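Heads up: the structure comes next, in structure tokens.
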Amino acid sequence: MPELPEVEVVRRGLAPFVTGATVSSVEILEPRSLRRHAEGPDDFAGRLTGARLLAPERRGKFLWVPIADADAALLVHLGMSGQVLVNPTADDRHLRVRILLADGSRVDFADQRIFGSLAIDRLMPVPERPSTRSARSGSRMPVPERAAGESKGIPSQVAHIARDPLDPAFSDRDFVRRIRAKRTETKRALLDQTLVSGIGNIYADEALWAARVHPRQPTETLSAVAAGRILAAVRDVMTRALDEGGTSFDELYVNVNGQSGYFSRSLTAYARQDQPCLRCGRPMVRESFMNRGSHYCRNCQRLR
DNA sequence: CCTCAAACCTGGAAGC
DNA sequence: TGCTTCCAGGTTTGAG
């Protein structure tokens, strides 16, 4: 289940192969893998063929490769089971789209469940702040997104996605203010990609365990300190996962070389139901929540 | 505007 | 053994 660390591993792996490369041809084996490209497979292939690619960028779980001399990018979302594989030695069983580069390299998009998708998307200027409330107190200094001229903008399909906690321009103060203004449960809020992006079911459970917050704790009862502690826990677990190449349990998530990350060994909450809590030793529980599993310690993470 | 749940998918596991 | 049902979950969409 690729979340921010896994997508970042893919971005870093892909960068040396695609930056400056030219697309020589595109093969589409499964049109449903282009669901995000409304104009259809032929338009996708036509617009990508001959394109010169720039350095890949990421926000949350979205990855994109800007196209030179165009206000457009190749957008990639891995969904549940998407993989980007560079020069694989054998064809993946679930190969959906193949992109051939002029230097002979192959970039394959494989995806068992077809929740992921590719698209060619229009790049828009990065808004100063994605929230529609921005017009209010108008005297805030603009926050530079990156070094000047480095980013060509953000794909239209990513414009509504909040910055992620590893983005230097992420505002901790805004996050704390916005999560406390919500009327929902804390885990739901962490999974809301318009509040903070990049968090999925695994890292939500990990961060809540580390911050000792119950997944169903109402957001309006969180103190500013508690909200800050959750955000720090998110950053900490994502950073450590990135250092270990991401989390994977099976072959569904791998880097561009087809290898799995090692962070699954370091998980403290996710999939640990009936095993002792690593803090207090009591058995962890798994509850069904939002059509997902929620793993936590009833002793360390109490509703308050 | 906000919140929430259904729908989209496959294949491995579990149940019968 | 073979068939059916369940389960995993990120995002979009639309209902209320």
Side-chain angles (χ1 to χ4, degrees), chain A residues 1-8 10 29-38 58-64 75-84 92-97 109-119 121 129-136 154-162 164 177-208 215-221 234 238 246-254 260 264 267 269-273 286-295:
Chain A
M1 292 126 256
E3 303 179 31
L4 186 154
E6 292 73 41
V7 179
E8 177 61 13
V10 171
L29 294 86
E30 175 51 82
R32 289 178 298 174
S33 290
L34 301 179
R35 184 170 292 126
R36 285 179 173 277
H37 190 84
R58 182 191 55 73
R59 173 178 285 193
K61 304 169 196 172
F62 285 83
L63 171 67
W64 66 92
L75 179 66
V76 181
H77 196 290
L78 301 176
M80 286 295 298
S81 54
Q83 300 176 19
V84 176
D92 190 279
R93 181 181 167 197
H94 302 292
L95 177 60
R96 308 301 189 192
V97 178
F109 180 71
D111 189 8
Q112 179 202 108
R113 297 180 198 172
I114 323 186
F115 271 29
S117 178
L118 307 183
D121 197 10
R129 53 186 46 224
S131 165
T132 51
R133 288 172 228 272
S134 55
R136 236 177 3 143
I154 191 161
S156 68
Q157 297 182 48
V158 187
H160 68 291
I161 300 293
D164 61 67
R177 181 176 51 76
R178 289 184 63 204
I179 193 171
R180 295 180 73 208
K182 278 184 164 287
R183 291 294 176 268
T184 187
E185 296 158 328
T186 301
K187 183 167 174 181
R188 280 186 188 278
L190 291 182
L191 296 174
D192 178 355
Q193 305 295 304
T194 68
L195 173 68
V196 52
S197 68
I199 307 172
N201 200 43
I202 296 173
Y203 296 116
D205 282 359
E206 292 301 306
L208 289 168
R216 311 195 73 144
Q217 184 71 38
T219 47
E220 68 264 36
T221 67
V234 168
M238 282 184 169
T247 303
S248 39
F249 300 98
D250 44 34
E251 300 307 309
L252 284 191
Y253 162 71
V254 293
S260 296
S264 53
L267 293 175
Y270 185 84
R272 293 201 69 248
Q273 63 270 22
R286 179 187 184 282
E287 280 179 9
S288 199
F289 176 55
M290 292 176 73
N291 284 327
R292 299 164 162 80
S294 231
H295 313 78

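Note on naming: letters A, B, ... go to the chains in the order of the sequence lines (proteins, then strands), and numbering restarts at 1 for each one. As the structure is a computational prediction, the values presented were derived from the model and not from experiment.
For the pair A:Met290 CE and B:dA5 C1', the computed distance is 9 Å after rounding to whole Å. Here B:dT10 presents its C1' atom at 9 Å from CZ of A:Arg32, a figure rounded to the nearest Å. Counting to the nearest Å, the P atom of C:dC7 and the OH atom of A:Tyr270 are 14 Å from each other. Distance A:Leu190 CG to B:dC4 P: 14 Å, rounded to the nearest Å. In this structure, A:Gln83 atom CD and B:dG11 atom P are separated by 13 Å, rounded to whole Å. In this structure, A:Lys187 atom NZ and C:dG9 atom C1' are separated by 10 Å, rounded to whole Å. To the nearest angstrom, C1' of C:dG10 lies 15 Å from CG of A:Leu63. Rounding to whole angstrom units, NE2 of residue A:His94 and C1' of B:dT10 are separated by 8 Å.
A:Lys182 has a side-chain polar atom (N or O) that falls below the 4.0 Å cut-off from OP1 or OP2 of B:dT3. Remark: A:His160 is not in phosphate contact with C:dT11, judged by side-chain N or O atoms under 4.0 Å from OP1 or OP2. At the phosphate of C:dG9, neither OP1 nor OP2 sits under 4.0 Å from any side-chain N or O atom of A:Tyr203. OP1 or OP2 of B:dT10 has not a single side-chain nitrogen or oxygen of A:Arg93 nearer than 4.0 Å. Between B:dC4 and A:Thr184, a contact under 4.0 Å exists linking OP1 or OP2 to a side-chain N or O. Note on A:Asn201: a side-chain N or O is less than 4.0 Å away from OP1 or OP2 of C:dG9. Close to C:dT11, at under 4.0 Å from its OP1 or OP2, lies a side-chain N or O of A:Gln193. Between A:His77 and the phosphate of C:dT11, there is a side-chain N or O to OP1/OP2 separation shorter than 4.0 Å. For B:dA5, the OP1/OP2 oxygens have a side-chain nitrogen or oxygen of A:Arg188 closer than 4.0 Å. Contact check, A:Arg36 against C:dT12: a side-chain N or O comes under 4.0 Å of OP1 or OP2. For the pair A:Arg292 and C:dC7, the criterion of a side-chain N or O lying under 4.0 Å from OP1 or OP2 is not met.
Between A:Lys61 and A:Asp164 there is no salt bridge, since none of the side-chain N atoms of the basic residue sits less than 4.0 Å from a carboxylate O of the acidic one.
Put simply, the side chain of A:Val7 does not reach to within 4.5 Å of the side chain of A:Phe62, judged on heavy atoms. A:Glu6 is listed as a side-chain neighbour of A:Tyr203, based on a closest heavy-atom distance under 4.5 Å. Looking at heavy atoms from C-beta onward, A:His295 lies out of side-chain contact with A:Leu267 at the 4.5 angstrom threshold. Residues A:His94 and A:Ile114 fail the side-chain proximity criterion, which asks for heavy atoms closer than 4.5 Å. The shortest side-chain heavy-atom distance between A:Val76 and A:Val84 falls under the 4.5 Å cut-off.
Nearest to the side chain of A:Phe62, among C:dG10, C:dT12, C:dG9, sits C:dT12. Of the listed nucleotides (C:dT11, B:dA6, B:dC9), B:dA6 has the atom at the smallest distance from the side chain of A:Asn291. Checked against C:dT11, B:dC8, C:dG9, the side chain of A:Arg35 finds its nearest nucleotide in B:dC8. Of the candidates C:dG9, C:dT11, B:dG11, C:dG9 carries the atom nearest the A:Met80 side chain, counting heavy atoms from C-beta on.
Nucleic acid contact class of A:Gly293 (heavy atoms, under 4.0 Å, all strands): sugar-phosphate only.
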